[in-house]
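Structure record follows, encoded as structure tokens.
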Protein chains: 4
Amino acid sequence: MAGSTYGTIFRISTWGESHGPSLGVVVDGCPAGLPLSAGDIQAYLDRRKPGRSKISTQRQESDEIEILSGIFEDKTTGAPIAMMIRNTSHRSTDYSEIASYYRPGHADYTFDAKYGFRDYRGGGRSSGRETACRVAGGAVAAKLLQEFGIRLCAYTLSIGPVKIDRDRFDADAILTTPTGMPDRNASSFAEAYLAECMQNRDSAGGVIECVIDGVPAGLGDPVFEKLDANLSKALMSIGAVKAVEIGDGIEVSNRSGSLNNDSFCQKEGQTAKRTNHAGGILGGISDGSRIILRAHVKPTPSIFSPQQTVNKRGEEIEIAIKGRHDPVIVPRAVVVVETMAALTIADALLLNASAKLDHLKMIYDR
Amino acid sequence: MAGSTYGTIFRISTWGESHGPSLGVVVDGCPAGLPLSAGDIQAYLDRRKPGRSKISTQRQESDEIEILSGIFEDKTTGAPIAMMIRNTSHRSTDYSEIASYYRPGHADYTFDAKYGFRDYRGGGRSSGRETACRVAGGAVAAKLLQEFGIRLCAYTLSIGPVKIDRDRFDADAILTTPTGMPDRNASSFAEAYLAECMQNRDSAGGVIECVIDGVPAGLGDPVFEKLDANLSKALMSIGAVKAVEIGDGIEVSNRSGSLNNDSFCQKEGQTAKRTNHAGGILGGISDGSRIILRAHVKPTPSIFSPQQTVNKRGEEIEIAIKGRHDPVIVPRAVVVVETMAALTIADALLLNASAKLDHLKMIYDR
Amino acid sequence: MAGSTYGTIFRISTWGESHGPSLGVVVDGCPAGLPLSAGDIQAYLDRRKPGRSKISTQRQESDEIEILSGIFEDKTTGAPIAMMIRNTSHRSTDYSEIASYYRPGHADYTFDAKYGFRDYRGGGRSSGRETACRVAGGAVAAKLLQEFGIRLCAYTLSIGPVKIDRDRFDADAILTTPTGMPDRNASSFAEAYLAECMQNRDSAGGVIECVIDGVPAGLGDPVFEKLDANLSKALMSIGAVKAVEIGDGIEVSNRSGSLNNDSFCQKEGQTAKRTNHAGGILGGISDGSRIILRAHVKPTPSIFSPQQTVNKRGEEIEIAIKGRHDPVIVPRAVVVVETMAALTIADALLLNASAKLDHLKMIYDR
Amino acid sequence: MAGSTYGTIFRISTWGESHGPSLGVVVDGCPAGLPLSAGDIQAYLDRRKPGRSKISTQRQESDEIEILSGIFEDKTTGAPIAMMIRNTSHRSTDYSEIASYYRPGHADYTFDAKYGFRDYRGGGRSSGRETACRVAGGAVAAKLLQEFGIRLCAYTLSIGPVKIDRDRFDADAILTTPTGMPDRNASSFAEAYLAECMQNRDSAGGVIECVIDGVPAGLGDPVFEKLDANLSKALMSIGAVKAVEIGDGIEVSNRSGSLNNDSFCQKEGQTAKRTNHAGGILGGISDGSRIILRAHVKPTPSIFSPQQTVNKRGEEIEIAIKGRHDPVIVPRAVVVVETMAALTIADALLLNASAKLDHLKMIYDR
């Protein structure tokens with residue numbers, strides 16, 4: 001199926017494998033008139049780069065974005081915005097071994113089951129490298145949302161057992177700590193924990209949180225296209241994510257209604273809520289307060305300890321994975337979560353433009 | 001937007017409000033030749049019925065399904081299957097009060113923000129009654145999946161603080177306990193807990209689990225249309241769900257890779273996994289083992305204790321909700337979770353039919 | 001596949017067979033706040049009714065519309081608008097004969113080829129009765145378009161060899177002549193021609209034209225979603241249509257560029273065109289002038305003369321069709337063409353709301 | 001809106017402007033296992049090349065295709081196939097003049113109306129160059145269809161007043177005559193006619209026919225997704241097409257039912273039709289006989305004679321278009337028609353795979 005497209009009006013289509021000549025994304029449906037430059041995109045891609053520290057792979061992926069269409073006189077024209085990243089770093093490694101067996105925790109087996117064979121070089125289409133294209137597309141969405149005062153901010157909440165202390169929240173730390181944690185103290189502990197993981201030839205998981213401010217009330221649709229349903233799909237479509245929470249998330253299942261309901265009140269002449277257990281969405285529609293999401297990320301499946309598996313001939317074997325692999329996916333996935341959320345909110349913003357007759361009359365001057 | 005449609009090939013469109021003359025669903029894209037009767041649907045709808053016990057509303061909704069199209073000589077014809085449920089129970093209550101203010105935890109405010117006004121009678125389109133149509137549509141999906149040996153089973157895992165004991169798992173109890181728990185002992189505790197909630201004019205949340213057996217390896221698509229991404233959307237689109245987990249879900253974020261990876265092995269001449277932390281999905285594609293999902297459900301927002309809110313004139317007021325409301329949504333939502341999962345798997349099954357050239361050649365006899 | 005849905009934002013899903021209990025349509029994505037009543041819909045359905053004259057079947061289909069959802073206080077709420085028409089007229093005819101063979105010019109054979117069997121009673125899903133649901137859905141679209149000053153008008157241009165004289169164009173005649181011709185003189189000739197057809201146990205085809213005034217410049221999208229491409233699909237999806245023209249249509253293939261180009265000029269301070277060979281669409285986008293469409297309709301395939309065909313056992317046989325059949329489809333299809341065009345324009349109007357950053361800023365007050 | 005995507009399962013997304021660095025297409029949903037090389041695509045692109053004769057622009061567009069993803073070991077993997085064509089020929093012409101006014105017959109005015117401004121260099125997104133990407137994507141579809149014995153053949157039927165003689169039909173001539181006519185005699189007359197057009201600083205239109213053999217009965221869906229409806233959209237989405245016919249097309253509106261109905265008969269043990277007025281489609285579903293389509297193409301709007309128009313300041317002016325323009329679009333559009341038809345049939349082939357329970361059971365071995 002055509003599974004490489006995301007969004008209804010604001011829509012991206014991604015393509016490319018880990019070891020092909022390049023990867024790319026086509027953004028279609030972006031409104032005309034948005035100022036946009038390669039620099040806007042590059043800033044987001046740079047947040048995904050590896051090699052920033054000991055806890056990430058030492059690959060040097062430059063990941064330079066080229067914009068190939070859709071921009072004229074520094075603004076979007078309404079035509080599709082195609083962007084491309086050339087694959088420069090991959091060495092002509094010998095992948096013949098990996099071709100023959102199924103790595104635990106990876107998509108090797110399921111790709112073979114689905115398609116009959118697979119491009120095994122570096123994970124092919126199921127490589128984490130695919131997310132670079134989401135980030136590039138999502139950077140356009142984020143730029144669009146800025147025009148409406150909508151700001152997204154994702155960060156690492158925990159790595160393994162190490163959690164941030166919300167009282168020490170420091171937004172500046174997100175982009176400067178190697179963990180993406182907004183708490184330098186916790187980040188140091190997490191680094192120490194990861195060093196230990198690496199020594200044990202093991203890996204770690206973690207939690208990413210994303211908050212979105214400035215979303216007007218009214219985005220999202222009742223029933224199947226609820227805003228939280230789409231945000232949930234957006235996050236769960238990121239490779240290693242195994243759980244998604246909105247607002248207080250899993251906490252709500254063991255809480256009483258009287259504590260969980262957010263009372264409405266008036267603030268500065270506006271209807272607002274006293275608390276925000278709901279995470280900014282009621283009945284699938286944004287309520288004007290902060291939207292809060294969390295994604296639980298599994299530990300990197302590529303570990304250097306020996307593992308049991310089977311090969312394509314159906315023989316049970318023991319393998320040891322080689323190469324360059326991050327001991328934790330979380331820090332580099334932070335910007336992926338942020339941009340997938342941006343794509344979802346941007347699409348909802350555009351779809352909502354036709355919800356009310358009054359709005360349409362404004363546009364068509366009736 | 002057109003947000004009342006779910007699915008790409010196997011697709012349902014639902015309609016209807018809590019207090020209109022009827023509600024309904026159109027199932028389009030169901031393959032021709034599937035034996036189907038109203039009884040197949042009714043069995044699922046009956047599981048959603050209220051009034052089965054003290055812990056659910058005493059409303060008498062008969063919820064009788066009528067099939068209006070798409071069946072000929074007891075089989076599906078490939079044409080859309082329209083089904084309708086007449087609203088018989090609603091009394092001509094005075095809703096003028098509810099019309100004027102925003103109930104905490106409900107979609108009243110967000111509907112007004114989005115559409116400018118709302119059908120406030122009994123929640124209108126955002127009423128839980130909307131899920132009856134999902135269940136009817138999903139029952140068709142479940143019937144289709146049976147033909148391929150795919151079986152779904154959802155049940156209550158916890159209500160408030162009361163969890164089932166997996167060692168006491170009793171599938172028969174699911175349909176006979178008022179809680180939907182597969183553990184009669186836990187169910188009794190949960191009932192006692194709910195009685196207390198009601199006495200406190202309060203409500204409770206809980207967790208629903210759904211397991212799916214017999215899914216062939218290969219369903220779902222890489223990248224955006226991952227099977228887990230779509231299942232996540234499916235569950236999160238159910239009114240009160242605030243978190244979704246696949247496989248070990250939130251546990252994976254604090255676990256090492258060596259423990260989380262599922263080793264492959266050979267079982268009865270087939271590639272299989274020694275464990276199933278992944279919950280049956282790798283890289284967004286089913287791997288042939290059991291699929292495991294969990295939905296965290298918030299406590300019923302309609303509680304009888306007094307609450308703070310605002311009215312449409314922007315005045316802060318205190319309200320006390322009246323009427324008939326379940327103290328917990330979970331037991332009646334179990335079948336909703338099961339059928340939303342069925343719809344998602346059915347669509348993936350149909351979409352996967354064109355993934356491989358070999359499969360297509362089989363169909364077209366080439 | 002899910003082929004019973006039309007439109008992206010303004011979307012209808014139809015269901016029902018000729019001889020089931022009822023037929024219906026769900027309109028999703030209609031903006032909230034549009035005044036709408038059953039009478040608005042019924043007026044369009046009445047134009048499709050048979051039995052208005054000798055040249056149409058004497059069936060008495062009352063085709064009364066019931067609105068089941070989506071309206072509150074006489075306005076659309078943004079929720080799906082479900083509508084139903086009960087089948088009252090069909091007699092329990094013996095269809096066993098028709099079940100066994102393939103009527104020439106009908107979909108009997110292709111339905112069997114596709115689905116393995118078919119609901120043969122009265123044509124089942126491929127019956128012309130299916131268009132009643134398009135008309136009901138399109139009536140909502142037409143009501144919406146009125147709010148923007150967009151007016152559609154379809155009429156019969158020719159039946160068999162009889163064409164209207166454009167110099168005698170009389171809009172009032174469209175709804176009062178049995179042919180739907182805006183020329184009473186031509187209509188009389190056409191009636192005489194049809195009487196002859198009936199005497200010969202034969203049938204006739206014809207051409208339907210639809211003009212749309214008041215469409216603002218800018219609707220439709222470049223490349224695949226051109227406004228004319230979608231209008232073409234809309235018309236060609238009507239059962240018996242075999243050709244579609246936009247503007248001067250087939251004439252353009254034998255004309256020079258200097259004659260075919262429409263010069264731009266200024267009229268009342270607005271950019272306009274001196275001629276309208278293009279039919280109101282340039283590069284797939286409406287240019288602000290009148291949109292002009294034509295659909296060529298084949299003669300009714302149900303004729304009373306004997307015909308050669310085969311039965312399901314593969315035997316060549318001669319058949320004679322019985323029952324009640326219009327000698328020409330055109331007059332009753334006029335309103336179908338008009339409403340399919342309305343659905344297409346309405347969807348384009350909504351989709352265009354997010355084409356420009358400036359428009360979105362207007363809506364979101366930025 | 002996202003209007004640059006075509007198809008539901010077999011889906012292409014195109015991007016690029018006439019004067020950007022490159023143009024491209026992403027093919028998603030192609031089944032895995034199809035042998036495919038750049039040569040397969042280039043053969044189709046070469047048919048679209050200009051410069052083959054005096055009657056086409058002397059631009060030298062090499063239009064070399066690069067495949068960037070989705071192929072492994074010379075076969076499709078199921079992942080998106082991205083392809084790119086670099087723009088090499090465009091000179092840094094001065095477009096400042098064209099920027100200021102609206103060319104008659106072009107999309108200049110409507111783009112400005114829709115988006116507020118436009119990339120005016122060489123037509124930008126509305127340039128005929130955009131069709132190169134359709135051809136590249138459609139070449140993949142055509143390769144897929146070959147595996148099922150489905151063969152498409154498009155050719156020029158007429159240019160201006162010059163029509164081919166069907167009795168002289170010579171398939172070899174299609175690729176060797178500069179007109180794309182399958183009749184060398186007619187082609188010579190057409191060339192003479194075009195030479196005259198050029199001398200008159202004028203242009204010509206024409207008709208393209210496409211026949212498709214080997215399509216199994218059963219493709220296409222009843223109601224809105226009729227195969228002919230989608231083919232009609234496919235053809236009408238090509239820039240200059242103003243009318244589309246299926247089978248006997250416009251002829252049917254003035255023909256009796258007894259002559260227009262195609263009788264069924266038995267041929268070689270198969271149900272077949274004695275005639276094929278319907279053009280291979282009944283009730284929107286392929287009937288197993290040849291599918292026949294015709295597209296009416298308007299004369300090239302870029303003519304060298306002086307024309308009246310207005311500029312962006314609203315002043316009426318006279319212009320004379322310069323540059324390199326084909327006097328007729330038809331010969332180069334032949335392969336565009338063929339590949340758009342291929343895309344439509346390929347998508348229908350894949351969608352039909354899930355129409356029958358029996359087919360699905362075959363795939364899933366039940």
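Sequence lines set the chain letters: A, B, ... in the order given, protein chains first and strands last, and positions in each chain run from 1.
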What part of Gln308(D) gets within 4.5 angstrom of chain C, counting heavy atoms only: side chain, backbone, both, or neither? both

I need the minimum non-hydrogen distance between Asp262(D) and Pro104(C), along with the two atoms involved. O-CB, 3.5 Å

Side chain, backbone, both or neither of Lys242(D) within contact of chain C (heavy atoms, under 4.5 Å): both

Kindly say whether Pro301(D) contributes a backbone atom to a donor-acceptor pair with the side chain of Asn261(C) at under 3.5 angstrom? yes

Verify, without hydrogens or angle tests, whether Glu316(D) (side chain) and Gln266(C) (backbone) share a donor-acceptor contact under 3.5 angstrom. yes

Measure His106(C) against the heavy atoms of chain D and call it side chain, backbone, both or neither at under 4.5 Å. backbone

Salt-bridge present (Glu251(C), Lys298(D); N to O < 4.0 Å): no

Max heavy-atom pair count under 4.5 Å with chain D, selected residue of Gly314(C), Gly239(C), Gly220(C), Gly116(C): Gly314(C)

To the closest 0.5 Å, what do you measure between CG (Asp202(D)) and CG (Leu259(C))? 7.0 Å

side-chain contact (heavy atoms from CB on, under 4.5 Å) assessment of Val297(D) paired with Val252(C): CA-CA 7 Å; Val297(D) 179; Val252(C) 305; over 6 Å; no

Has the side chain of Lys356(C) got a donor or acceptor atom that lies under 3.5 Å from a matching backbone atom of Tyr115(D)? no

Using a distance-only test with no angle check, is there a side-chain donor-acceptor pair under 3.5 angstrom linking Ser232(C) and Ser232(D)? yes

With rounding to the nearest 0.5 angstrom, report the CZ to OG distance, Arg255(D) to Ser203(C). 11.5 Å

Quick one: of Ala348(C), Gly288(C), Ser263(C), who has the most non-hydrogen atom pairs under 4.5 Å with chain D? Ser263(C)

Under a 4.5 Å heavy-atom cut-off, does chain C meet the side chain of Ala204(D), its backbone, both or neither? backbone

Interchain contact, Cys265(C) with chain D, by part (heavy-atom threshold 4.5 Å): both

Between Glu225(D) and Lys233(C), does at least one N-O distance fall below 4.0 Å, as a salt bridge requires? yes

Contact summary for Phe264(C) and Tyr102(D), nearest pair of heavy atoms: CD1-O, 3.6 Å

Tell me, side chain or backbone of Ser158(D) under 4.5 Å from chain C's heavy atoms, or both, or neither? neither

Residue, of Pro216(D), Ala113(D), Gly206(D), that accumulates the most heavy atom pairs under 4.5 Å with chain C: Gly206(D)

Just so I understand: if I count every heavy-atom pair under 4.5 Å between each of Ser237(C), Ala272(C), Gly205(C) and chain D, which residue has the most? Ser237(C)

So what's closer than 4.5 Å to chain D heavy atoms on Arg274(C): side chain, backbone, both or neither? side chain

Please tell me if the side chains of Phe224(C) and Arg134(D) come closer than 4.5 Å, counting only heavy atoms from C-beta onward. yes

So for Asp228(C), is it side chain, backbone, both, or neither that comes closer than 4.5 Å to the heavy atoms of chain D? both

Specify which of Tyr109(C), Tyr101(C), Phe111(C) makes the most heavy-atom pairs with chain D at under 4.5 Å. Tyr109(C)

With no hydrogens and no angle check, just 3.5 Å: does a side-chain donor-acceptor pair link Thr110(D) and Asp287(C)? no

Count the heavy atoms belonging to other residues, nucleotides or ligands that lie under 6.0 Å from CD of Glu315(D), then report whether that count exceeds 12. yes

Counting heavy-atom pairs under 4.5 angstrom with chain C, the leader among Gly218(D), Ala229(D), Gly283(D) is Ala229(D)

Pair Asn230(C), Met236(D) - check side-chain contact (heavy atoms from CB on, under 4.5 Å), show working. CA-CA 8 Å; Asn230(C) 279 319; Met236(D) 200 68 99; over 6 Å; no

Residue, of Ala217(D), Gly257(D), Ala107(D), that accumulates the most heavy atom pairs under 4.5 Å with chain C: Gly257(D)

Toward chain D, the part of Arg103(C) with a non-hydrogen atom under 4.5 Å: backbone

Leading residue by heavy atom contact count with chain D [cutoff under 4.5 Å; candidates Val244(C), Ile303(C), Thr131(C)]: Val244(C)

Which one wins on heavy-atom pair count under 4.5 Å against chain C: Pro222(D), Gly247(D), Ser286(D)? Pro222(D)

What part of Ser258(D) gets within 4.5 angstrom of chain C, counting heavy atoms only: side chain, backbone, both, or neither? both

Chain D contact via Ile250(C) - which portion, at a heavy-atom distance below 4.5 Å: both

Counting heavy-atom pairs closer than 4.5 Å to chain C, which one of Thr5(D), Thr300(D), Ile12(D) comes out on top? Thr5(D)

Select, from Ser305(D), Ser256(D), Ser253(D), the one with the greatest count of heavy-atom pairs under 4.5 Å involving chain C. Ser253(D)

